[in-house]
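Just so you know, residue 1 is the first one in the sequence shown, and it goes up from there.
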Amino acid sequence: MPDQTVPHQTWPCPTCGEDTVFEQPGCVDGHTADGGECPEWACTDCGTAFLLGGLDVVVGAAVRRAA
């Protein structure tokens, strides 16, 4: 059983092939520095990691016009 002081959720793990406990270990990337929530979650059985929500990604789109 995971430590009760570490946030945890039960989700289907694609590697384990069943519902497992995922925990949110202490954030070392600075996501929580401004009071936000760290988007990283790891399976306590196999270590598979998820990155969930809270991401703002800007992607440049190539524009091509037909002549």
Using the test side chain to side chain contact (heavy atoms under 4.5 Å, CB included), find all partners of Asp34 that sit at least two apart in sequence or belong to another chain.
none

Roughly how far apart are Asp45 CG and Glu18 CD, rounded to 0.5 Å?
7.0 Å

Looking at Thr44 and Val21, would you say the former's side chain and the latter's main chain have a donor-acceptor pair under 3.5 Å?
yes

According to side-chain hydrogen bond (donor to acceptor under 3.5 Å, both in side chains), who are the partners of Thr32, at least two apart in sequence or on a separate chain?
none

Give, for atom CG of Asp19 and atom CH2 of Trp11, the distance between the pair rounded to the nearest 0.5 Å.
11.5 Å

Please find the pair of heavy atoms, one from Phe50 and one from Pro14, that lie closest to each other, and give the distance.
CZ-CD, 3.7 Å

At what distance, to the nearest 0.5 angstrom, does SG of Cys13 lie from CH2 of Trp41?
14.5 Å

Might you point out which heavy atoms bring Cys43 and Cys46 nearest each other, and give the distance in Å?
SG-N, 3.5 Å

Between NE2 of His8 and CD of Gln24, what distance do you get to the nearest 0.5 Å?
11.5 Å

